[in-house]
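In what follows, every chain begins at residue 1, and chains take the letters A, B, ... in the order their sequences are listed.
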Number of protein chains: 2
Amino acid sequence: MMVNFKDMTRNVMAREKALYEGHPVAAVAAVSEAVASEALALIDVDYEVLPHVIDVDEAMKPDAPLLHDDMFTIGVDPAPKKSSNIAKRVEFGFGDLDAGFAKADVIVEREFTTKPVHQGYIEPHACVANVSEDGQAELWCTTQGQFIVRAFCSKLLGMEVSQLRVTASEIGGGFGGKTVVYLEPLALALSRKACQPVKMVMSRSEVFKASGPTSGARIWVKVGATKDGRITAGDALLKYQAGAFQGSPVQPGAMCAFAPYDLENVRIVGFDVVVNRPKVAAYRAPGGPIAEFAVESVMDEVAMTIGMDPVEFRLKNAAKEGTRAPYGPKFGPIGLVQTLEAAQAHENYKVPLKANQGRGVASGFWFNIGGETCASMNVGEDGSVALVVGTPDIGGSRASLSMMAAEELGISMEHIRPMVGDTSSLGFNFLTGGSRVTFSSGMAVVEAAREIISQLRERAAKIWEVSVDEVEWSQGHARFTGSGEAKSLSLAELAKTAGKTGGPIIGNAAINATGAGPSLATHLVDVEVDPETGKVTILRYTAIQDAGKAVHPSYVEGQMQGGAVQGIGWALNEEYIYDDNGHLENPGFLDYRIPVCSDVPMIDTVIVEVPNPNHPYGVRGVGETPIVPPMAAIANAVSHATGVRFTDLPMSPPRVLEALETNQSR
Amino acid sequence: MMVNFKDMTRNVMAREKALYEGHPVAAVAAVSEAVASEALALIDVDYEVLPHVIDVDEAMKPDAPLLHDDMFTIGVDPAPKKSSNIAKRVEFGFGDLDAGFAKADVIVEREFTTKPVHQGYIEPHACVANVSEDGQAELWCTTQGQFIVRAFCSKLLGMEVSQLRVTASEIGGGFGGKTVVYLEPLALALSRKACQPVKMVMSRSEVFKASGPTSGARIWVKVGATKDGRITAGDALLKYQAGAFQGSPVQPGAMCAFAPYDLENVRIVGFDVVVNRPKVAAYRAPGGPIAEFAVESVMDEVAMTIGMDPVEFRLKNAAKEGTRAPYGPKFGPIGLVQTLEAAQAHENYKVPLKANQGRGVASGFWFNIGGETCASMNVGEDGSVALVVGTPDIGGSRASLSMMAAEELGISMEHIRPMVGDTSSLGFNFLTGGSRVTFSSGMAVVEAAREIISQLRERAAKIWEVSVDEVEWSQGHARFTGSGEAKSLSLAELAKTAGKTGGPIIGNAAINATGAGPSLATHLVDVEVDPETGKVTILRYTAIQDAGKAVHPSYVEGQMQGGAVQGIGWALNEEYIYDDNGHLENPGFLDYRIPVCSDVPMIDTVIVEVPNPNHPYGVRGVGETPIVPPMAAIANAVSHATGVRFTDLPMSPPRVLEALETNQSR
């Protein structure tokens with residue numbers, strides 16, 4: 001994880017320039033909110049308004065106002081001599097594009113735009129910090145990674161990491177947006193000055209203005225294919241807003257763009273561009289949905305142009321085990337083909353459509369990650385187990401991790417109490433993100449459980465005075481397998497006498513998990529477009545995904561449904577609306593409209609299981625992939641319903657209506 | 001640890017009978033203190049007043065009112081057929097008492113009484129409980145043992161231990177009195193009913209009336225010796241108040257009674273007697289100070305009678321390595337002789353005394369314990385270390401444990417942050433008590449640190465691509481010891497790259513610590529008695545003790561000084577005063593007078609170090625022994641100052657005056 005602390009400290013509190021509306025310029029601690037408000041009112045900030053730029057195209061122009069005078073694009077050769085708003089250029093790919101396009105019977109080339117959208121977690125950022133006079137500090141905050149918060153805050157404040165103990169409170173939603181620090185360093189700095197606890201809570205308006213949404217972007221995609229449906233070349237250009245400091249998710253976006261396809265000639269170029277908006281934060285499969293919205297829209301158009309069923313077209317070109325990913329490595333076993341076959345077989349793919357209705361298909365990819373992870377299991381004196389992990393539970397991971405622990409130990413999961421520990425209770429844990437928790441924490445839990453089983457076998461061997469090789473662990477019992485009388489001792493029995501056999505029974509694991517398996521998905525959606533209002537209604541939605549192994553199937557379904565619903569919001573309604581002066585016009589849930597229950601049908605799900613060979617139970621991360629296909633699937637459906645290709649998000653009623661009217665008037 | 005849950009639940013809330021003033025009969029939870037008070041006022045309790053008994057002699061009479069109809073004395077043969085207030089008889093000893101006393105030139109025999117005294121912790125009992133609807137519970141409380149609280153409460157409430165997570169808040173004093181539960185099960189039960197957090201705090205008056213002081217007692221001691229100062233026999237009878245439920249510390253008292261002496265003929269008989277007082281709780285070396293007050297007073301009188309210096313007399317009879325303790329085992333290396341020699345050599349033993357002044361000497365013994373203990377050390381990414389132990393810090397153990405960790409790792413202790421973990425973060429830990437923490441948690445910390453060092457050596461070997469046998473750990477660095485270029489890597493350097501060398505670096509230990517070393521002490525005190533008021537002033541006080549190894553000498557001194565001061569209070573002023581109806585007359589710090597700064601001189605200390613061979617640093621527990629000698633030392637000093645032998649505690653001004661007047665009128 002590359003971290004730019006110079007930028008981080010400036011995002012937490014503006015220094016040379018305030019770079020966006022909402023950029024903090026002062027912090028006040030007081031004995032009450034009323035006193036704090038009065039104190040804030042006494043601070044008179046005199047802003048000199050500088051030229052600003054909020055969109056990538058303008059920001060990339062040679063004469064654009066510069067956010068940072070010292071920013072020189074990295075990833076270009078030769079290195080530029082002039083500073084610009086382009087932080088970084090990335091490129092992936094291989095093959096010969098010209099040769100590929102030359103072989104094509106059909107070429108589709110289009111440009112797309114997306115707007116910044118916010119994760120929309122219900123709980124705003126909030127924290128309580130307490131620094132005592134000896135410098136030892138405590139911090140409670142809503143976060144996806146208490147260890148990351150500790151690392152960031154201790155660095156920003158010049159503390160040793162062990163001086164700071166961070167407890168992740170039960171989270172009210174994160175979706176990637178709670179992987180960074182905003183209030184926490186300020187609260188700690190104020191508490192250090194005051195030697196008093198300091199509490200800070202953002203308002204919803206502050207959440208919108210001062211915390212990171214994901215990038216708005218402009219994407220250009222060109223795909224060539226033969227008449228019989230074989231893709232000959234794919235080319236894409238991604239320009240992502242980073243917000244006020246570098247770090248858009250253009251790189252993972254570029255990794256995802258063509259990843260569902262087995263291509264011979266492919267290129268993706270991406271630009272990370274700073275603009276006068278809040279610095280973007282991760283949002284569920286960061287960068288992926290934007291890239292695949294464009295690519296999967298073009299794929300749909302290619303299939304349509306050659307008259308091929310879009311699922312059939314994808315099956316013909318699908319990435320599978322051994323396919324070289326556009327970003328380099330060869331895939332191990334992956335499940336895209338299985339999701340496409342499940343889509344073909346699904347009844348929702350056969351429902352007849354009526355007037356103004358359309359059906360869309362899109363696939364999606366997310367690579368998933370592993371990383372540093374710890375788990376601790378402590379067997380209580382009655383054989384019940386306290387399971388502590390270092391990854392906040394944002395999607396049911398306490399359940400899935402308990403299930404794996406219970407499976408290993410051979411006991412009922414009711415006897416396991418899973419908890420998220422503070423930073424003192426475990427070694428370093430990377431954050432809850434990258435769909436890594438059930439995979440990585442699961443591996444750590446399994447390792448810790450196996451350490452416990454090894455101890456239990458030793459304890460039983462000691463009690464029976466036999467060799468540990470003659471003791472096996474099965475169904476929650478140590479069992480004597482040597483010749484002579486059968487003997488067994490349950491976990492509870494061994495726990496009760498643990499003091500006499502060597503002390504408490506504990507298991508700990510500290511790993512750097514590798515071998516995360518990509519998860520691929522295919523979504524089907526039927527929409528109806530009201531030609532009079534432009535309103536798009538989702539009629540049916542089917543999310544099909546490879547989970548590797550769905551440890552807790554209903555939570556996996558929940559992830560798939562949640563991702564689809566967030567994607568529906570992104571596709572149809574959500575956007576940051578700025579006025580000409582760079583002020584956000586809709587910083588609240590009344591004007592920034594996320595989907596509510598009545599906006600969506602039941603999201604049907606199909607879980608496909610192609611085991612990840614690198615995990616003891618075959619687990620793949622599942623949380624992020626489901627937000628990758630929806631925008632393209634819906635755009636494709638709307639296009640089929642209306643006969644107009646939609647390339648700009650959101651497809652909100654006024655925009656749809658405008659497009660329909662423009663089309664009719666042509 | 002034998003626990004009687006039938007009694008425990010009845011002490012927490014009276015069932016068949018309310019057995020003492022302060023015995024809880026109802027609990028109310030409300031949204032505010034005012035509402036709770038109103039609700040309590042609506043509860044009308046109609047007590048039928050039964051005959052009661054508050055002192056051991058009356059309670060042991062055959063016709064005494066019985067507290068429990070089903071209590072039959074254990075430890076007597078044949079088992080009694082009739083129930084009584086005597087819960088238990090214990091006996092230790094060996095040799096032939098009659099033969100021993102027959103050899104004696106001098107025999108001294110006396111009876112003593114002590115009153116119940118309270119630990120006097122400044123913070124009252126307090127807790128917050130929160131049980132959620134799924135039965136998972138959190139409890140924060142002031143305790144010396146969060147794991148014991150978990151064990152007790154889960155048993156009383158029918159929960160699995162892992163369902164309950166207990167956090168020990170920073171303690172405001174315990175001294176043994178916070179090793180039991182009072183409010184905690186009630187708060188949990190109320191919270192379970194209400195599905196709301198419940199907070200309970202005792203008032204000071206409730207602390208006195210409803211939490212356990214230590215026993216009041218009657219003790220009889222008989223010692224015989226030859227003219228040249230060799231003890232020929234020792235006999236003692238201890239009758240200890242248990243309060244309303246069995247469980248006085250008569251057994252440890254009996255173990256301590258003659259333990260400082262190398263005797264051929266010895267017997268100690270003890271009785272555990274229930275009376276209508278609050279159930280006693282542990283108080284620093286529970287039972288020891290009472291027994292040794294009596295024994296060490298008699299020893300002083302024996303030495304005086306044969307005209308021998310009391311230190312010389314003790315040196316002549318001192319227990320040492322190989323001595324058989326009256327309670328059975330042979331001692332390993334112990335430091336009593338060294339404390340006596342240090343007393344002889346101390347300048348305070350030579351200061352000339354004036355009129356109405358007297359000098360007292362007494363020795364004291366406490367066996368100390370080990371027990372189940374865990375420690376967890378997590379190396380942060382900057383090489384600083386989070387150290388988590390499961391034993392609340394009541395006397396500086398975070399410092400001493402950090403020092404041992406730092407010593408092992410070869411880093412400065414400033415890089416270690418010691419913390420007390422909640423019950424989820426470690427395996428089971430026995431409580432902070434028995435002076436076991438620096439010993440037992442120290443052993444666990446050393447084991448965890450050595451696990452870390454072994455990992456650090458492995459990581460360095462991996463980086464250097466050499467055998468781990470060629471890597472040693474010294475002064476905070478892995479060092480290559482093989483042939484070729486010298487190489488070293490610091491802890492911080494290895495921590496920084498831990499992700500690449502296998503994951504976070506952690507060390508965990510879960511042990512059942514054995515081999516605790518007894519700690520012996522000798523105290524010297526000079527007093528002046530005002531013949532007009534009976535007030536005893538402490539002029540000089542010297543506490544000398546074997547610490548095995550004083551890891552943090554000033555905290556060890558603090559323990560010695562604190563024990564001495566509590567002993568001064570016990571000797572001179574503290575007592576529970578009951579009226580004829582069994583009502584406590586002085587339930588507050590105004591009328592129950594604990595020593596304040598102006599009551600005591602600087603307590604001089606001498607630390608003697610006879611290493612405990614069973615601990616890696618030679619540590620012995622030091623916290624309890626210092627309260628064992630003071631009462632006898634002061635009684636001896638007062639006796640020498642006045643010429644009157646004082647056998648009843650406290651030696652408060654009215655009692656001293658009365659004794660002086662009685663003596664003069666003889």
Scan the chain A/chain B interface and emit each donor-acceptor pair under 3.5 angstrom with its distance.
from, atom 1, to, atom 2, distance (Å)
A/Q136, OE1, B/R417, NE, 3.3
A/A137, O, B/R417, NH1, 2.9
A/E138, OE2, B/R417, NH2, 3.0
A/R150, NH2, B/E381, OE1, 3.3
A/E160, OE1, B/H415, ND1, 3.2
A/E160, OE2, B/H415, ND1, 2.5
A/V161, N, B/D382, OD2, 2.9
A/S162, N, B/S384, OG, 3.0
A/S162, OG, B/S384, O, 3.2
A/S162, OG, B/S384, OG, 2.7
A/S162, OG, B/V385, N, 3.1
A/Q163, O, B/R417, NH1, 2.5
A/N378, OD1, B/G427, N, 3.1
A/N378, ND2, B/S424, O, 3.1
A/N378, ND2, B/L426, O, 3.4
A/E381, OE1, B/R150, NH2, 3.3
A/D382, OD2, B/V161, N, 2.9
A/S384, O, B/S162, OG, 3.2
A/S384, OG, B/S162, N, 3.0
A/S384, OG, B/S162, OG, 2.7
A/V385, N, B/S162, OG, 3.1
A/H415, ND1, B/E160, OE1, 3.2
A/H415, ND1, B/E160, OE2, 2.5
A/R417, NE, B/Q136, OE1, 3.2
A/R417, NH1, B/A137, O, 2.9
A/R417, NH1, B/Q163, O, 2.6
A/R417, NH2, B/E138, OE2, 3.0
A/S424, O, B/N378, ND2, 3.0
A/L426, O, B/N378, ND2, 3.4
A/G427, N, B/N378, OD1, 3.1
A/G499, O, B/N512, ND2, 2.5
A/N512, ND2, B/G499, O, 2.5

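The choice from B/A513, B/A386, B/A510 that makes the most heavy-atom pairs within less than 4.5 Å of chain A is B/A510. The residue among B/G380, B/G421, B/G502 with the most heavy atom pairs within less than 4.5 Å of chain A is B/G502. For the options A/C374, A/A151, A/G427, heavy-atom pairs under 4.5 Å to chain B are most numerous at A/G427.
Within the 4.5 angstrom heavy-atom criterion, atoms from both the backbone and the side chain of A/V161 approach chain B.
The side chain to side chain contact (heavy atoms under 4.5 Å, CB included) search around A/A478 returns A/A460, A/W464, A/V471, A/W473, A/L494, not counting sequence neighbours. Every residue meeting the side chain to side chain contact (heavy atoms under 4.5 Å, CB included) condition with A/A406, not counting sequence neighbours, appears here in chain and number order: A/M413, A/I416.
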